[in-house]
Peer 1: 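Got a structure here, written out as structure tokens. Questions coming.
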Amino acid sequence: MIKEYKTIREIASPLMIVEHVEGVTYDELGEIELPNGDTRRCKVLEVEGDRAVVQLFESAQGINLAESKVRFLGHPQQLAVSEDMLGRVFNGMGQPIDGGPAILADAHNDINGLPMNPAARAYPAEFIQTGVSTIDGLNTLVRGQKLPIFSGSGLPHAALAAQIARQARVLGDNETFAVVFAAIGITFEESEYFINDFRRTGAIDRTVVFSNLANDPAVERIATPRVALTAAEYLAFEKDMQVLVILTDITNYAEALREVSAAKKEVPGRRGYPGYLYTDLATLYERAGRRQGKKGSITMIPILTMPEDDKTHPIPDLTGYITEGQIILSRDLHRKGIVPPVDVLPSLSRLKDKGIGVGKTREDHAGTMNQLFAAYSRGKDAKELMTILGEAALSEDDKLFAKFAEEFEKVYVSQGNNTNRSIEETLDIGWELLSILPRRELKRIKPEFIEKYLPKN
């Protein structure tokens with residue numbers, strides 16, 4: 001039997017203290033009944049003796065200390081999961097907001113999930129095609145990988161996120177692909193942009209959208225990525241789907257964590273964020289991966305805006321330690337009108353070598369990838385030298401490399417937000433660009449591949 005308590009002693013939003021409680025446990029869900037019959041949700045943060053510190057999911061306005069009742073439900077926050085989630089839009093707590101019916105649940109799963117046993121993990125090894133050349137060709141995404149996008153304020157990461165969600169697919173027959181898209185603390189306009197884009201292109205049919213807006217409570221923001229990952233785990237490990245999870249914006253999530261931590265009067269760490277920020281982010285990121293004996297997988301692309309474009313800020317810094325690489329957006333390329341403005345040289349996918357080659361992409365992928373990196377790097381150096389000393393100071397080869405860097409940005413990087421390139425198209429464009437350079441400079445590609453793929457100009 002569920003007990004009711006009328007022993008609320010103190011409220012300091014978003015926290016509340018309830019006294020004389022029995023059998024209440026950490027993370028347990030609760031309901032507060034107001035004198036007018038309205039209910040608000042909450043969860044237990046801390047239990048000390050017969051006192052419980054409770055975190056409110058909604059506003060504390062209207063809660064009367066003497067008249068309001070609290071009841072604890074005996075279980076943590078859960079999400080109703082079913083295949084019917086595909087094509088639907090939910091709020092940050094997992095309740096439908098698209099005007100459709102409630103989900104007929106196959107199960108109710110704890111949103112905190114269970115950590116994946118490292119010994120039960122299968123190594124990421126299969127290619128995922130995003131249709132974006134800078135990712136597929138140079139920083140390849142592999143099934144089960146965590147590959148964040150580091151952006152700056154005002155850069156078009158939202159358009160890139162929508163493009164990846166729309167275009168991503170796994171190669172091969174009999175593979176069901178789904179996208180779980182979680183928008184965390186974004187504006188109403190951004191939320192409408194994503195939802196309308198998915199509906200316009202038909203991508204909504206294979207997508208589950210969770211939308212937490214900037215004016216929603218900070219506590220809901222902390223729950224949103226966990227709710228999204230619970231949906232992804234069900235689709236991947238119960239329904240054998242290949243699931244891509246896109247979380248935007250992790251910075252808003254960390255800010256909410258800092259806000260709640262300050263309300264709890266915890267000792268702050270770097271820049272005021274709680275000392276457990278690393279651990280907390282790891283509990284999200286490490287839910288991605290592949291499990292031995294399971295066909296499905298969860299691949300994750302967290303997107304975060306770096307405050308002041310600072311890669312050493314705690315959020316991108318800690319994210320870099322937990323994940324396998326990063327895609328970095330460049331303000332300089334954005335100013336040049338290059339879309340998407342992916343800065344190739346500092347970007348990195350640590351698992352790219354595992355997902356390319358014969359039977360996955362194409363035999364020439366590794367060689368062309370390395371050659372493009374090297375040629376673009378040398379071309380950028382040549383362009384800088386040209387700016388300082390003038391074109392006359394460059395050798396003929398350096399002029400060709402400078403031309404290559406220019407064309408590489410215009411053709412390879414700047415593909416626009418509506419162009420979906422297959423991996424073959426991406427590799428062929430790479431070969432077209434490499435034909436600008438003298439053949440003797442293609443030192444990173446096997447001679448037989450040069451004979452086979454280099455355009456005969």
Side-chain angles (χ1 to χ4, degrees), residues 127-141 160 163-164 167-169 171 327 329-330 332-334 336-349 352-353 355-384 386 391 394-457:
F127 171 68
I128 290 183
Q129 182 173 291
T130 65
V132 180
S133 289
T134 46
I135 298 176
D136 293 349
L138 302 174
N139 295 290
T140 312
L141 181 64
L160 181 59
Q163 182 177 10
I164 292 170
Q167 295 177 177
R169 67 190 189 95
L171 306 182
I327 305 293
L329 301 191
S330 159
D332 288 341
L333 292 178
H334 180 55
K336 287 184 188 176
I338 288 168
V339 181
V342 175
D343 197 350
V344 185
L345 295 178
S347 297
L348 169 70
S349 168
K352 63 189 173 191
D353 296 335
I356 62 175
V358 181
K360 294 176 181 177
T361 53
R362 206 167 74 184
E363 58 185 356
D364 58 315
H365 192 155
T368 53
M369 175 178 71
N370 293 333
Q371 190 65 65
L372 287 168
F373 268 123
Y376 182 51
S377 176
R378 185 169 164 188
K380 281 190 82 172
D381 290 345
K383 281 172 71 180
E384 283 177 25
M386 192 191 296
E391 193 173 339
L394 298 186
S395 68
E396 289 305 313
D397 280 0
D398 281 342
K399 286 176 188 173
L400 288 173
F401 275 102
K403 182 188 175 189
F404 169 87
E406 197 72 39
E407 291 299 311
F408 179 81
E409 288 176 2
K410 279 185 197 166
V411 178
Y412 195 96
V413 181
S414 188
Q415 67 177 75
N417 287 131
N418 296 307
T419 305
N420 186 1
R421 291 177 181 165
S422 69
I423 186 59
E424 288 79 12
E425 286 177 83
T426 290
L427 292 170
D428 290 345
I429 290 167
W431 278 109
E432 288 284 346
L433 290 165
L434 290 173
S435 68
I436 294 170
L437 304 174
R439 192 163 170 157
R440 66 178 182 280
E441 291 291 347
L442 305 183
K443 298 168 185 172
R444 294 167 184 259
I445 309 175
K446 291 180 179 176
E448 59 265 33
F449 294 156
I450 295 174
E451 285 298 327
K452 185 173 177 181
Y453 294 105
L454 189 68
K456 307 288 188 285
N457 291 343

Peer 1: Report the residues that fulfil side-chain contact (heavy atoms from CB on, under 4.5 Å) with Glu441, sequence neighbours left out, ordered by chain and then residue number.
Peer 2: Arg378, Asp397, Phe401, Pro438, Lys443

Peer 1: Could you give me the CA-CA distance, side-chain angles and deciding distance for His365 and Ile423, then say whether side-chain contact (heavy atoms from CB on, under 4.5 Å) is met?
Peer 2: CA-CA 9 Å; His365 192 155; Ile423 186 59; 3.7 Å; yes

Peer 1: In plain terms, say whether Arg362 and Glu424 are close enough for a salt bridge, that is, a side-chain N and a carboxylate O under 4.0 Å apart.
Peer 2: no

Peer 1: Look up atom CD1 in Ile356 and atom CG in Leu427, then write down how far apart they are to the nearest 0.5 Å.
Peer 2: 9.0 Å

Peer 1: Which distance, rounded to the nearest 0.5 Å, do you find between the CD of Gln371 and the CD1 of Ile450?
Peer 2: 7.5 Å

Peer 1: Starting at OH of Tyr453, measure out to OG1 of Thr368 and round the result to the nearest 0.5 Å.
Peer 2: 9.5 Å

Peer 1: Pairing donors with acceptors under 3.5 angstrom, does anything connect the side chains of Arg421 and Ser133?
Peer 2: yes

Peer 1: Looking only at heavy atoms, what is the nearest atom pair of Gly131 and Gln415, with distance?
Peer 2: O-NE2, 2.8 Å

Peer 1: With sequence neighbours excluded, tell me which residues meet side chain to side chain donor-acceptor pair (under 3.5 Å) with Asp136.
Peer 2: Thr130

Peer 1: Could you tell me whether the side chain of Ile135 reaches within less than 4.5 Å of the side chain of Val342, counting heavy atoms only?
Peer 2: no

Peer 1: Any side-chain to backbone donor/acceptor pair from Ser435 onto Glu432? Under 3.5 Å, distance only.
Peer 2: yes

Peer 1: Take Leu329 and His334 through the test side-chain contact (heavy atoms from CB on, under 4.5 Å) and record every step on the way to the result.
Peer 2: CA-CA 8 Å; Leu329 301 191; His334 180 55; over 6 Å; no

Peer 1: Under 4.5 Å between any side-chain heavy atoms of Tyr412 and Thr426, yes or no?
Peer 2: yes

Peer 1: Are the side chains of Phe404 and Leu372 in contact, using a 4.5 Å heavy-atom criterion?
Peer 2: yes

Peer 1: Please find the pair of heavy atoms, one from Ser414 and one from Gly337, that lie closest to each other, and give the distance.
Peer 2: OG-O, 4.1 Å

Peer 1: Write down the atom of Ala374, the atom of Arg444, and the distance for their closest heavy-atom approach.
Peer 2: CB-NE, 3.3 Å

Peer 1: Treating Ser349 as the side-chain partner and Thr140 as the backbone partner, does any N or O pair qualify as donor plus acceptor under 3.5 Å?
Peer 2: yes

Peer 1: With distance as the sole test, does Ser347 use its side chain to make a donor-acceptor pair with the main-chain N or O of Asp343 at under 3.5 Å?
Peer 2: yes

Peer 1: Are Asp364 and Lys452 side-chain neighbours, meaning at least one heavy-atom pair lies under 4.5 Å?
Peer 2: no

Peer 1: Between Arg169 and Leu171, does a side-chain contact (heavy atoms from CB on, under 4.5 Å) hold up when you go through it step by step?
Peer 2: CA-CA 7 Å; Arg169 67 190 189 95; Leu171 306 182; 3.7 Å; yes

Peer 1: Quick one: side-chain contact (heavy atoms from CB on, under 4.5 Å) partners of Gln167, sequence neighbours excluded?
Peer 2: Val132, Gln163, Asn420

Peer 1: Counting only heavy atoms from other residues, nucleotides and ligands, does the tally under 6.0 Å from NZ of Lys403 exceed 12?
Peer 2: no

Peer 1: Which atom pair, heavy atoms only, marks the closest approach of Tyr376 to Glu409?
Peer 2: OH-OE2, 2.6 Å

Peer 1: Less than 4.0 Å between a side-chain N and a carboxylate O, is that true for Lys399 and Glu396?
Peer 2: yes

Peer 1: Starting at CG of Leu434, measure out to CG of Leu442 and round the result to the nearest 0.5 Å.
Peer 2: 5.5 Å

Peer 1: In Å and rounded to the nearest 0.5 Å, what is the CZ to CG distance from Phe373 to Leu138?
Peer 2: 4.5 Å

